[in-house]
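Report on one structure; see the data block that follows.
In what follows, every chain begins at residue 1, and chains take the letters A, B, ... in the order their sequences are listed. Note: hydrogens, waters and symmetry copies are ignored here, and every other heavy atom, side chains too, is used.
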Amino acid sequence: MSDPVRVRFAPSPTGYLHVGGARTALYNYLYAKNHGGQFILRIEDTDLERSTDESLRMQISDLQWLGLNWDEGVDPETLESKGGYGPYRQSQRLEIYQKYCVELLKSGKAYYDFRSDEELEKIKNESEKFTRIPRPDNILDYEEALKKVNSGVPAAIRFKVEGGEDHVIEDLVRGEVRLPEDMVGDFIIMRSNGMPVYNFCCAVDDALMKITHVFRAEEHLSNTLRQKMIYEALGFQLPQFGHLSLILGADKQKLSKRHGATSCNQYRETGYLPKALLNFIALLGWSPGQDQEILSLTELIEKFDGTRLHTAGAVFDQDKFKWMNSVHLRALDNSVLWDLLKPLFERENISLPESEDFIHKSLDIFKPKMETLVDAPELYRPIDGKLFEVTEEGQEVLNWEETQKVLNAWEEELKLNHALYLTGEEFDEIQNRVKEKAGVKGKHLFMPIRVAVIGKPHGADLKSLVPLIERQSLLARVKKCRGEA
RNA sequence: GUCCCUAUCGUCUAGAGGCCUAGGACACAUCCCUUUCACGGAUGAGACACGGGUUCGACUCCCGUUGGGGACGCCA
C-alpha cells in the first residue's frame with residue numbers, strides 16, 4: 001500500500017489570501033479529503049521584511065471563512081504549532097535548515113558566495129541577454145570559507161547546479177515534464193543574514209513533513225526543478241507534483257491587484273458567500289466532468305480525485321461568479337440568510353421587524369433580487385419609514401398629471417382602513433377602488449402608488465410589499481410625496 | 001533574449017480516433033410569464049488558431065508555425 005496522503009498549503013503571511021492561493025488551498029484540501037488524507041497548514045515566513053503576524057491572522061481568518069480546516073499546522077487562535085511534524089512555521093525551524101545546509105556545504109554541493117549585491121548587479125547588467133548568475137571564479141573550501149564568515153564577512157550560500165542532464169517530472173496535471181538542469185543557475189539557499197530561502201525550506205519541510213502530493217501554481221515549475229535537486233542532494237524522496245494552470249484577469253495576464261478584487265477578503269466584504277467562492281474557483285481549471293456546475297464542498301470532495309485538471313490558464317469571470325453567488329444565495333434558508341443580513345442592516349441603520357413572518361415574507365420577495373449580500377440594504381431600506389425618500393425617477397412619476405388624483409384616492413382609502421397592516425387582498429381591493437375614483441389605469445395607476453410606497457417606480461410586487469409596511473407609515477409616505485411632511 | 005508550459009464559442013468548460021450537425025454554463029439577443037423590477041421558462045446567435053503528417057477516419061495522436069502565459073530575486 002502507498003503512504004497515507006499528506007498534502008499542505010503553505011502561504012507566506014504577506015497580506016490577505018489571494019483567490020489564486022485559495023484555489024491552491026482548496027485543491028490540496030479536496031485531494032486530501034477525497035483520499036482520506038491529512039491537510040497541513042505550513043507558514044512560509046522566512047522573508048522577515050514582509051511577513052507579519054497580522055497577515056498570518058488574516059490568512060487564517062480567510063481560510064476559516066472558506067471552511068478549509070486543516071488537520072495539522074498552526075493553531076488558529078494561539079498560532080502555536082499543532083501536530084506531529086512541527087513546528088509548522090518556518091521561522092521556528094531554522095536549526096533544521098541549518099543542519100541540512102551544513103550537510104550540503106560539507107559535501108561540496110553548496111558553497112559560500114561572498115559577492116556583494118553591487119557586484120551581482122553589475123554582472124547582471126553587463127550582459128544584455130542575462131539568464132542566470134554565473135558561478136564565482138574562486139570558491140573557498142568549506143573550512144576556509146567558514147573562517148572568513150566567522151570573522152564577520154557576509155556571505156550567502158548557493159546550491160551548486162552542475163547542469164547537463166535533463167530532469168523529468170511526472171506531473172499530476174501535465175504528464176511528463178522535461179526540465180533541463182541548466183535552466184537555472186546556482187541558487188541561494190541561505191541568505192547572508194542567516195535566513196534560509198524558499199526553495200530550500202520548502203524541499204526540506206515537504207520531505208520532513210512526509211508530504212506526498214503537492215498541488216501548486218504553474219509558476220513554480222522552475223522551482224520544482226531546484227527543489228528536485230535539493231531532494232536528490234539530501235537523499236529525500238520526491239513527492240508527486242501537480243502544477244496548476246494560472247488564474248488570469250480579463251486581459252489574460254496573471255491575476256493581480258490591478259484587475260480589481262483579488263483577495264478573498266474583498267469578496268467576503270462585498271457580500272459573496274464562501275460556498276460560492278469555493279464552487280467558482282474549483283471550476284477554474286478543473287471540471288467534475290458532468291454538466292453540473294453548482295456544487296457543495298461535500299460534492300467537490302467527492303468528485304475531486306486529482307484528475308481532470310486543466311492545463312491552460314483560466315480567466316476569472318466576475319459576471320459568472322456573481323451569477324453563481326446569486327444561485328447559492330437563493331438556495332439559502334431564510335433564517336440562515338437573515339442572520340447574515342442582520343449586521344448589514346445594523347451598519348446602515350435600517351430598522352426592520354424581526355418576526356418570523358416578516359423574515360419569510362420579505363425574503364421571499366427580495367431573495368430573487370439579490371446577487372450578493374450587500375444588495376440587501378438597498379432592497380430593504382424602503383421598508384423602514386424613517387428612511388423613506390423619493391428618487392429622481394420617482395419624482396418624475398409624481399409630476400405626472402394624473403398622479404395627484406391617484407395619491408388622493410390612495411390616501412383616502414388608507415384612512416378608511418383601521419388595521420395595523422393591510423393584507424394583500426385588501427391592497428388589491430383598495431387599488432381597484434383607487435382605479436375607479438381616480439379614473440386612471442395601467443402604469444399611471446400603479447407607478448404613483450409604488451412611488452408613494454417605496455419612493456421609486458420599480459421594485460417588488462406591491463401586493464406582497466404593502467403588507468410588510470405599517471398602514472400609518474404608508475400614510476406618512478403619501479403625505480411626504482405630496483409635500484406635506 | 002533563454003528555457004518551460006499552453007491552445008474548443010467573448011468567458012468557464014464537456015470532448016480521452018468514428019457517439020460531433022461539437023454538448024452545458026455565464027454574458028448577449030428575442031419571446032413567454034409578469035399592470036413595473038427580479039426570479040423562472042423557451043428560442044437564437046456564437047468555437048475546434050494555422051499548416052503538415054499518422055489513419056479507412058481526426059477536435060481528439062505526432063511534428064512545425066503562430067498566438068497566449070510563466071520563470072529567469074539574498075520574494076514565495
Side-chain angles (χ1 to χ4, degrees), chain A residues 10-14 21 44-47 49-51 90 113 115-117 120 124 127-133 154-158 171 173-174 177-180 182-185 187-199 201-202 216-225 243 245-246 248 250-254 280 283-294 308 310-324 326-327 330 364-371 375 379 397 431 435 441-447 449-450 454 456-463:
Chain A
S12 63
T14 56
E44 311 220 319
D45 56 352
T46 55
D47 184 349
E49 260 124 71
R50 297 199 304 154
S51 305
Q90 291 184 330
D113 183 355
R115 288 174 294 185
S116 65
D117 284 351
L120 294 171
K124 257 188 182 179
S127 68
E128 212 147 288
K129 296 165 194 162
F130 173 81
T131 48
R132 49 185 181 268
I133 292 282
I157 300 170
R158 278 184 197 272
D171 192 272
V173 181
R174 284 153 218 280
V177 178
R178 187 170 292 270
L179 303 165
D182 52 18
M183 184 179 170
V184 297
F187 56 93
I188 296 203
I189 57 175
M190 193 73 80
R191 297 173 171 90
S192 53
N193 70 1
M195 284 302 279
V197 175
Y198 167 73
N199 279 300
C201 303
C202 185
R216 52 156 58 142
E218 182 188 13
E219 56 194 346
H220 283 293
L221 224 26
S222 64
N223 287 328
T224 300
L225 169 61
H243 288 92
S245 57
L246 262 15
L248 313 173
D251 59 358
K252 302 248 183 193
Q253 307 276 317
K254 184 162 76 160
F280 185 69
L283 264 26
L284 242 34
W286 173 77
S287 134
Q290 301 133 345
D291 286 343
Q292 185 187 1
E293 286 199 292
I294 302 297
R308 315 187 57 83
H310 232 246
T311 45
V315 174
F316 191 99
D317 183 350
Q318 303 279 347
D319 282 341
K320 186 158 185 177
F321 181 30
K322 204 165 224 187
W323 164 79
M324 190 169 276
S326 75
V327 173
R330 263 177 260 132
D364 285 347
I365 300 169
F366 293 135
K367 207 152 60 164
K369 294 178 190 295
M370 287 183 219
E371 287 185 307
D375 290 334
L379 259 8
V397 172
Q431 195 182 38
K435 180 158 102 184
K441 58 180 182 178
K443 71 171 188 176
H444 292 279
L445 170 69
F446 63 80
M447 279 201 176
I449 298 180
R450 179 174 280 109
I454 59 170
K456 46 192 179 185
H458 300 290
D461 180 33
L462 281 175
K463 189 178 174 180

If I take atom [atom1] in residue [X] and atom [atom2] in nucleotide [N], what distance separates them, rounded to the nearest angstrom?
X       : N      : atom1 : atom2 : result
F280(A) : A25(B) : CZ    : C1'   : 11 Å
L225(A) : C72(B) : CG    : C1'   : 12 Å
D364(A) : C39(B) : CG    : P     : 16 Å
L120(A) : C74(B) : CG    : C1'   : 9 Å
Q253(A) : G69(B) : CD    : P     : 5 Å
L283(A) : A14(B) : CG    : C1'   : 12 Å
Q290(A) : G24(B) : CD    : P     : 16 Å
R115(A) : C74(B) : CZ    : P     : 10 Å

Quiz item: Does one side chain, of H310(A) or S287(A), offer a donor that lies under 3.5 Å from an acceptor on the other?
Solution: no
Just to be sure I understand the rule, does [X] reach a base, reach only the sugar-phosphate, or reach nothing, if contact means heavy atoms closer than 4.0 Å?
X       : result
N199(A) : nothing
A314(A) : sugar-phosphate
G285(A) : sugar-phosphate
I188(A) : base
E219(A) : sugar-phosphate
K254(A) : sugar-phosphate
Q431(A) : base
R50(A)  : base
N223(A) : base
E293(A) : base
K124(A) : sugar-phosphate

Which base, if any, makes a Watson-Crick or G-U wobble pair with [N], both distances under 3.5 Å?
N      : value
C72(B) : G1(B)
A49(B) : U65(B)
A16(B) : none
C33(B) : none
C26(B) : G10(B)

Quiz item: So which one's nearest nucleotide on RNA chain B is more toward 5', V315(A) or M183(A)?
Solution: M183(A)
Practice problem: Between V173(A) and H220(A), just flag the one whose closest nucleotide in RNA chain B comes earlier from the 5' side. | Solution: V173(A)
State whether [X] places a side-chain N or O below 4.0 Å from either non-bridging phosphate oxygen (OP1 or OP2) of [N].
X       : N      : result
K322(A) : A27(B) : no
R330(A) : G40(B) : yes
T46(A)  : C75(B) : no
R191(A) : C75(B) : yes
R308(A) : G15(B) : yes
S222(A) : C72(B) : no

Quiz item: Does E49(A) CD have over 12 foreign heavy atoms under 6.0 Å away?
Solution: no
Mind checking the [atom1] distance from [N] to [M]? Whole angstroms is fine.
N      : M      : atom1 : value
G23(B) : A47(B) : C1'   : 12 Å
A16(B) : A22(B) : P     : 15 Å
C48(B) : A14(B) : C1'   : 13 Å
A42(B) : G24(B) : P     : 11 Å
C59(B) : G17(B) : P     : 13 Å
A49(B) : U60(B) : P     : 8 Å
A7(B)  : G15(B) : P     : 14 Å
G46(B) : C26(B) : C1'   : 13 Å

Practice problem: Tell me, with the steps shown, if T224(A) and H243(A) meet side-chain contact (heavy atoms from CB on, under 4.5 Å). | Solution: CA-CA 9 Å; T224(A) 300; H243(A) 288 92; 2.7 Å; yes
Select one nucleotide: of [options], the one nearest the side-chain heavy atoms of [X].
X       : options                : answer
D317(A) : U36(B), G69(B), G10(B) : G10(B)
D461(A) : C12(B), U36(B), C5(B)  : U36(B)
H310(A) : U13(B), U36(B), U11(B) : U13(B)
D47(A)  : G23(B), C75(B), G10(B) : C75(B)

Practice problem: Tell me, with the steps shown, if T46(A) and V197(A) meet side-chain contact (heavy atoms from CB on, under 4.5 Å). | Solution: CA-CA 7 Å; T46(A) 55; V197(A) 175; over 6 Å; no
One thing to verify: whether [Y] and [X] come together as a salt bridge, which I'm taking to mean a side-chain N less than 4.0 angstrom from a carboxylate O.
X       : Y       : result
D47(A)  : R50(A)  : yes
K254(A) : E218(A) : no
K463(A) : D461(A) : no

Practice problem: For the pair F280(A) and F321(A), name the ring-plane relationship: parallel under 30°, tilted 30 to 60°, perpendicular over 60°. | Solution: parallel
Quiz item: To the nearest 0.5 Å, how far apart are NZ in K441(A) and NZ in K435(A)?
Solution: 7.5 Å
Quiz item: A25(B) base to K320(A) side chain: any donor-acceptor pair below 3.5 Å?
Solution: yes
Practice problem: Please evaluate the base of C74(B) for a donor-acceptor partner in the side chain of S192(A) within a cut-off of under 3.5 Å? | Solution: yes
